[in-house]
Amino acid sequence: MTRRAGIILQARMASARLPCKAVAALAGRPLIAHCLDRLQASGAGEVVLATTDRPEDDALAMLAVRGGVRVFRGHPTDVLQRYL
């Protein structure tokens with residue numbers, strides 16, 4: 001059985017140091033949009049956004065889905081669970 005590599009980008013809106021950094025504007029677009037586009041363009045594997053199930057992360061999930069990226073939403077403090 002052959003398995004393809006995948007890319008998981010972990011992002012969330014809550015941050016003590018720089019809240020909402022994932023949607024901060026960079027060249028007129030959200031930072032997360034640039035990251036997702038570049039990861040997809042790499043061709044290294046399927047890109048999945050791992051974020052929390054909190055309402056403040058709805059915007060991240062929506063941006064990812066609009067860009068053709070699958071989204072996994074999980075526990076807000078258990079990052080490992082979101083990766084698994």
Side-chain angles (χ1 to χ4, degrees):
M1 182 166 136
T2 303
R3 294 188 180 187
R4 280 190 57 202
I7 302 169
I8 301 172
L9 177 62
Q10 198 308 119
R12 62 191 179 93
M13 297 290 275
S15 171
R17 293 174 294 196
L18 184 57
C20 301
K21 67 182 166 194
V23 292
L26 177 66
R29 295 178 58 218
L31 177 61
I32 189 109
H34 289 282
C35 293
L36 292 171
D37 288 349
R38 287 175 183 237
L39 290 171
Q40 286 180 298
S42 76
E46 180 183 13
V47 179
V48 177
L49 173 68
T51 192
T52 79
D53 53 13
R54 290 190 170 163
E56 64 256 26
D57 292 319
D58 290 349
L60 296 176
M62 190 170 31
L63 283 166
V65 169
R66 273 195 241 150
V69 174
R70 285 193 326 147
V71 177
F72 177 83
R73 299 188 74 170
H75 195 275
T77 59
D78 191 346
V79 178
L80 179 59
Q81 181 268 336
R82 291 196 301 267
Y83 274 90
L84 294 175

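Annotation: side chain of Asp53 is not in contact with side chain of Arg82 (no heavy-atom distance under 4.5 Å).
Side-chain atoms of Arg12 do not come within 3.5 Å of backbone N or O of Ala50 as any donor-acceptor pair. Not one N or O on the side chain of His75 forms a donor-acceptor pair closer than 3.5 Å with the backbone of Gln81. Side-chain atoms of Thr51 come within 3.5 Å of backbone N or O of Ala11 as a donor-acceptor pair.
The two residues Ala16 and Pro19 make their nearest non-hydrogen contact at O-CD, 4.4 Å. The minimum heavy-atom distance between Ala61 and Arg73, with the atom names listed, is CB-NH1, 3.9 Å. Minimum interatomic distance between Phe72 and Val48 (heavy atoms only, all atoms of both residues): N-CG1, 4.1 Å. Of all heavy-atom pairs between Gln40 and Gly68, the closest is NE2-O, 3.7 Å.
In this structure, Arg70 places its CZ atom where only 12 or fewer heavy-atom neighbours from other residues, nucleotides or ligands lie under 6.0 Å away.
If you chain together ILVMFWY residues whose side-chain heavy atoms come under 4.5 Å of each other, Leu39 ends up grouped with Ile7, Leu9, Met13, Val23, Ile32, Leu36, Val47, Leu49, Leu60, Leu63, Val65, Val69, Val71.
For Asp78, the salt bridge (Lys or Arg N to Asp or Glu O under 4.0 Å) test picks out no residue, with sequence neighbours left out.
Rounding to the nearest 0.5 Å places OG1 of Thr52 at 8.5 Å from CD of Gln10.
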